[in-house]
Colleague: 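Sharing a structure below in structure tokens format, with a few things to ask.
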Amino acid sequence: AYAITPGEPTASFQVTVRVALALLIVAVATAIAARSVWNADYPALRAFEGIAALVVILVVGFAAVYLPTSASDPDAFSEGLDHISALYFSMTTALTVGFGDIAPQSNPARIAVMVQMVANVVVISVAAKLLMGVARRRSRTTD
């Protein structure tokens with residue numbers, strides 16, 4: 001789905017909507033993953049799968065925010081973003097690598113990146129703790 005996401009210009013309001021939508025998708029995916037962990041025969045394995053899926057959803061979701069942001073404001077980032085470079089930037093942000101070759105330069109782009117930074121911490125810590133907690137509780141009920 002990301003590969004066919006249009007890289008069309010978008011207004012800053014639409015950037016806000018895209019960021020909110022990305023976060024909503026992560027929240028819904030977390031709830032679905034928790035239910036899946038509870039119903040799994042191997043809940044710990046399913047929890048790890050859920051965490052991996054959430055990280056992928058987060059990275060791709062924010063890449064889908066950065067792509068049209070770059071198209072609508074060529075000065076939003078230190079260079080124009082295409083599908084691959086938006087995904088690359090989102091991945092380097094998620095993994096806190098930040099090579100420095102692409103950087104947000106406009107306030108809307110910086111805000112979107114800050115939201116992704118906070119979401120990364122929440123997904124990796126809170127969602128992981130939640131899913132592993134569900135897996136532990138589920139394991140205790142089957143023992």
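Every heavy atom of this structure was used, including side-chain atoms; hydrogens, water molecules and symmetry mates were not. Since the model is a prediction, treat every value here as computed from it, not as a measurement.
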Colleague: Which is it for Y88 and F99 under the side-chain contact (heavy atoms from CB on, under 4.5 Å) test, yes or no, and what are the steps along the way?
Modeller: CA-CA 10 Å; Y88 164 81; F99 291 117; 3.0 Å; yes
Colleague: Run the numbers on V19 and L23 for side-chain contact (heavy atoms from CB on, under 4.5 Å), then give the verdict.
Modeller: CA-CA 6 Å; V19 167; L23 294 174; 4.2 Å; yes
Colleague: Got a sec, which residues hit side-chain hydrogen bond (donor to acceptor under 3.5 Å, both in side chains) with T93, two or more places apart in sequence or on another chain?
Modeller: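 T93 satisfies side-chain hydrogen bond (donor to acceptor under 3.5 Å, both in side chains) with no residue once adjacent residues are dropped.
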Colleague: Just wondering, do V113 and F89 contact through their side chains at under 4.5 Å, heavy atoms?
Modeller: yes
Colleague: Give the C-alpha distance, both sets of side-chain angles, the deciding distance and a yes or no for side-chain contact (heavy atoms from CB on, under 4.5 Å) between I102 and S85.
Modeller: CA-CA 9 Å; I102 302 173; S85 57; 4.2 Å; yes
Colleague: Is atom CG of D41 surrounded by more than 12 heavy atoms (other residues, nucleotides or ligands) closer than 6.0 Å?
Modeller: no
Colleague: Looking at every heavy atom in both D82 and L67, which two are closest together, and how far apart are they?
Modeller: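 Taking every non-hydrogen atom into account, C-CD1, 3.4 Å.
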Colleague: Quick check: does any side chain N or O of S78 sit under 3.5 Å from a backbone N or O of A103, one acting as donor and the other as acceptor?
Modeller: yes
Colleague: Measure the spacing between CD1 of I111 and CG of N107 and express it to the nearest 0.5 Å.
Modeller: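 That separation rounds to 6.0 Å.
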Colleague: Around atom CZ of R110, are there more than 12 heavy atoms of other residues, nucleotides or ligands at under 6.0 Å?
Modeller: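 Above 12, so yes.
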Colleague: Taking all heavy atoms of A109 and all of F77, pick out the closest pair and write down the distance.
Modeller: CB-CZ, 3.9 Å
Colleague: Taking atom CG of L58 and atom CG of N120, what is their separation to the nearest 0.5 Å?
Modeller: 5.0 Å
Colleague: If I compare all heavy atoms of Y66 with all of A112, which pair ends up nearest, and what's the gap?
Modeller: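 So the minimum-distance heavy-atom pair works out to OH-O, 3.7 Å.
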Colleague: Answer yes if V26 and V126 sit in the same cluster of Ile, Leu, Val, Met, Phe, Trp and Tyr residues linked by side chain heavy atoms under 4.5 Å apart, and no otherwise.
Modeller: no
Colleague: Could you report the tightest heavy-atom contact between G50 and A33, atom names first, then the distance?
Modeller: CA-CB, 4.2 Å
Colleague: With a 4.5 Å cut-off on side-chain heavy-atom distances among I, L, V, M, F, W and Y, is there a chain of contacts connecting L54 to L21?
Modeller: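 They do share one cluster, since a chain of ILVMFWY contacts under 4.5 Å joins L54 to L21.
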Colleague: Atom CD1 of I51 and atom CD1 of I124: how far apart are they, to the nearest 0.5 Å?
Modeller: 10.0 Å
Colleague: Any side-chain donor-acceptor pair under 3.5 Å between S90 and Q116?
Modeller: yes
Colleague: Please report the closest heavy-atom contact between P43 and R138, naming both atoms and the distance.
Modeller: CG-CG, 3.7 Å
Colleague: In Å, rounded to the nearest 0.5 Å, how long is the span from CZ of R137 to CE of M132?
Modeller: 11.5 Å
Colleague: Kindly indicate, with the supporting measurements, whether the criterion side-chain contact (heavy atoms from CB on, under 4.5 Å) is fulfilled by V59 and L95.
Modeller: CA-CA 9 Å; V59 168; L95 298 177; over 6 Å; no
Colleague: Can you name the closest pair of heavy atoms from L81 and S70 and give their distance?
Modeller: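 Closest heavy-atom pair between L81 and S70: N-OG, 2.8 Å.
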Colleague: Return the set of residues passing side chain to side chain contact (heavy atoms under 4.5 Å, CB included) with I32 (not counting sequence neighbours), or none when no residue passes.
Modeller: V28
Colleague: Are L131 and I57 connected into the same hydrophobic cluster when the rule is that any two of I, L, V, M, F, W, Y join if their side-chain heavy atoms are below 4.5 Å apart?
Modeller: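 The answer is yes; both residues are in one hydrophobic cluster.
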Colleague: Can you get from I25 to V121 by hopping between Ile, Leu, Val, Met, Phe, Trp and Tyr side chains that sit under 4.5 Å apart?
Modeller: no
Colleague: Could you tell me which residues satisfy side-chain hydrogen bond (donor to acceptor under 3.5 Å, both in side chains) with E49, sequence neighbours excluded, listed by chain and number?
Modeller: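 Listed in chain order: R46.
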Colleague: Could you tell me whether the side chain of V115 reaches within less than 4.5 Å of the side chain of F62, counting heavy atoms only?
Modeller: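 Yes, their side chains come closer than 4.5 Å.
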Colleague: Applying a strict under-4.5 Å side-chain criterion to I, L, V, M, F, W and Y, I'd like to know whether M91 and V97 cluster together.
Modeller: yes
